[in-house]
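Reminder, nothing fancy here: chain letters follow the sequence lines and each chain counts from 1. Bear in mind the structure is a predicted one, so any value in this text is a computation, not a measurement.
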Protein chains: 2
Amino acid sequence: MPETITQSIQDYLKHIYELNENGGAASTNDIATRLNIAPASVTGMLQKLASATPPLVVYKKHQGVTLTKSGEKVALEVIRHHRLLESFLVNTLGYAWDEVHNEADKLEHVISEDFEARMAEALGHPTRDPHGELIPSADLVMPADESCPLASLRTDETATIRRVSDDDPALLRHLREIGVVPEVKIIVKNYSEFDGNLTIKVEGQKSNVVLGTAVTSQVFVDK
Amino acid sequence: MPETITQSIQDYLKHIYELNENGGAASTNDIATRLNIAPASVTGMLQKLASATPPLVVYKKHQGVTLTKSGEKVALEVIRHHRLLESFLVNTLGYAWDEVHNEADKLEHVISEDFEARMAEALGHPTRDPHGELIPSADLVMPADESCPLASLRTDETATIRRVSDDDPALLRHLREIGVVPEVKIIVKNYSEFDGNLTIKVEGQKSNVVLGTAVTSQVFVDK
DNA sequence: CAAAAAATTTAGGCTAGGCTAAAATATTTT
DNA sequence: AAAATATTTTAGCCTAGCCTAAATTTTTTG
């Protein structure tokens, strides 16, 4: 490991992990956008992370980065902290699901392993956080995720909501209101090929709702 | 306020507050010892805190520092966080009273005001933490403390344990074992004027215990 | 496929908050 | 009250992690 894994390094690795999950290598620009810092600053850090011992990322100029095994361990630890914290805040302190993200983003870097273990125990070792996102296991393995974007469904398909992106509180409040929360069943009533809008019927809700791709790309379902 | 109140500044102010509680002005050396940094580094920070707008400390060369009203507010906020967190960790996650200090030292700087309020609510707005230390109120007033060091008692005096210093886990475990915990009554059986040892009978304990000043100076009682 | 646009990297700088060594000031002891 | 000791400050330095501006790819597009 590099001498010390700073809070800043933890944040880089966490976001690189999440970017790697989607496309392949994480680009300098995408990392900069997520961390809200200048791309030039990111380049500097990537070089540092790549030449740490052991290296935390694999970096080739102009081609983005991927995590090494060591880097991934750090990322998964932070993500486990984040998601356990979100669950803990909802369960224990009555936070709403749109209020936990920022708090967890700060706490994830400072809690001890003991704190992590006590939360997991108190929560009954959950495998998903309040948004349905998978929680890496204590030995830092990320469970397989079968879900696909709601946006990929078409007319007459049915599915079960599995998870929603946790970083937009306003979107979370809206989804809560229309009943789009994990484990709820839906059926697609209509797909519009012009704007990608989906009209869906949500289990337990009286009326259908029409959702644009800005929403349906953030909601993940199992068919 | 200075542009930003960093974690480091919060720590300085917290420790200066505690040093001010004992003697008058906090000395450069004492601050350095508590923060585990070089005295020269402390001087630099004190100058910075003194020339902030508004100033957070009153600083005169070679004469130590005291907090300004602004500095005190920051210190009390941090101390409130710390002590609420200690209570929360004990109550909610089953920590022992000797295990909470380090965790609280890290968390105190990152929790939100919302988190603070939710903890206070969940705990029923406590006025003391698990070590009996007073918790500043939500509007940042420190309750008056009437207690005096156990070390100041003499033969035949009786008293009630009010609080114990929270920063030495080994001492805390020992005190727990011999029943020296807040709200317990004691009676001094003997005072040795040579070494300052006190022989005390602790309510609910079969045998007397002899405590040196290293212990009795860390335990505070109401007569 | 060349030119324009976008992405990335290099170069040089800045701030926060540490450090050590040496100088200055206080305090204590004789 | 002078010498010795302890404390505090100054001076100069260092690292982490950010910044902007300019140079260099890489990618897209006419």
Side-chain angles (χ1 to χ4, degrees), chain A residues 1-16 19-20 22-53 55-66 71 74 78 105-106 109-110, chain B residues 1-16 19-20 22-53 55-66 71 74-75 78 105-106 108-110:
Chain A
M1 292 285 162
E3 328 63 38
T4 54
I5 305 276
T6 64
Q7 206 156 306
S8 181
I9 291 177
Q10 289 177 21
D11 265 332
Y12 272 90
L13 297 174
K14 176 177 79 164
H15 286 290
I16 292 168
L19 289 166
N20 284 173
N22 309 337
S27 77
T28 300
N29 247 3
D30 288 352
I31 298 169
T33 302
R34 276 185 170 244
L35 294 176
N36 210 23
I37 62 188
S41 306
V42 172
T43 300
M45 180 61 95
L46 296 185
Q47 289 167 343
K48 179 173 153 184
L49 296 177
S51 56
T53 48
L56 296 168
V57 302
V58 176
Y59 168 67
K60 287 233 196 84
K61 265 192 199 177
H62 297 279
Q63 292 175 219
V65 286
T66 51
V74 176
V78 176
D105 258 358
K106 292 181 299 176
H109 304 294
V110 303
Chain B
M1 293 284 161
E3 327 64 38
T4 55
I5 305 276
T6 64
Q7 205 156 306
S8 181
I9 291 178
Q10 289 177 20
D11 264 332
Y12 272 90
L13 297 174
K14 176 177 76 164
H15 286 289
I16 292 168
L19 288 167
N20 284 173
N22 310 336
S27 77
T28 302
N29 248 2
D30 288 353
I31 298 169
T33 302
R34 276 184 170 247
L35 293 176
N36 210 23
I37 63 187
S41 306
V42 173
T43 299
M45 181 60 96
L46 296 184
Q47 291 168 342
K48 181 172 152 185
L49 296 177
S51 56
T53 47
L56 296 169
V57 302
V58 177
Y59 168 68
K60 287 232 196 82
K61 264 191 201 179
H62 297 278
Q63 294 176 216
V65 286
T66 51
V74 176
V78 176
D105 258 359
K106 292 180 299 176
E108 66 189 12
H109 304 295
V110 303

Which whole-number value in Å describes the distance from [X] [atom1] to [N] [atom2]?
X: B:M45; N: D:dT8; atom1: CE; atom2: C1'; value: 17 Å
X: B:I31; N: C:dG17; atom1: CD1; atom2: P; value: 15 Å
X: B:L35; N: C:dG18; atom1: CG; atom2: P; value: 8 Å
X: B:I5; N: C:dG17; atom1: CD1; atom2: C1'; value: 15 Å
X: B:L46; N: C:dA16; atom1: CG; atom2: C1'; value: 15 Å
X: B:Q7; N: C:dG17; atom1: CD; atom2: C1'; value: 13 Å
X: B:K60; N: C:dA26; atom1: NZ; atom2: C1'; value: 16 Å
X: A:Q47; N: C:dT9; atom1: CD; atom2: P; value: 7 Å

Can you find a heavy atom in the side chain of [X] that is under 4.5 Å from one in the side chain of [Y]?
X: A:T66; Y: A:V57; result: no
X: B:S27; Y: B:D30; result: yes
X: A:I16; Y: A:L46; result: yes
X: B:V65; Y: B:N20; result: no
X: A:I5; Y: A:L56; result: yes

Tell me whether the OP1 or OP2 atom of [N] has a side-chain N or O from [X] closer than 4.0 Å.
X: A:K61; N: D:dT26; value: no
X: B:T43; N: D:dT10; value: no
X: B:Y59; N: D:dT9; value: yes
X: B:Y12; N: C:dG18; value: yes
X: B:T6; N: C:dA16; value: no
X: B:K48; N: C:dG17; value: yes
X: B:S27; N: D:dT7; value: no
X: A:S8; N: D:dC18; value: yes
X: A:N29; N: C:dT8; value: yes

Side chains of B:H109 and B:D11: is there a donor and an acceptor less than 3.5 Å apart? yes
Between A:A40 and B:D30, whichever has its closest DNA chain D nucleotide further toward 5' is B:D30
Between D:dT7, D:dT20, C:dC19, which nucleotide gets closest to the side-chain atoms of B:S41? C:dC19
Closest nucleotide among C:dT25, C:dT20, C:dT8 to the B:H62 side chain: C:dT25
Answer with base, sugar-phosphate or nothing: what part of the nucleic acid does A:T28 contact at a heavy-atom distance below 4.0 Å? sugar-phosphate
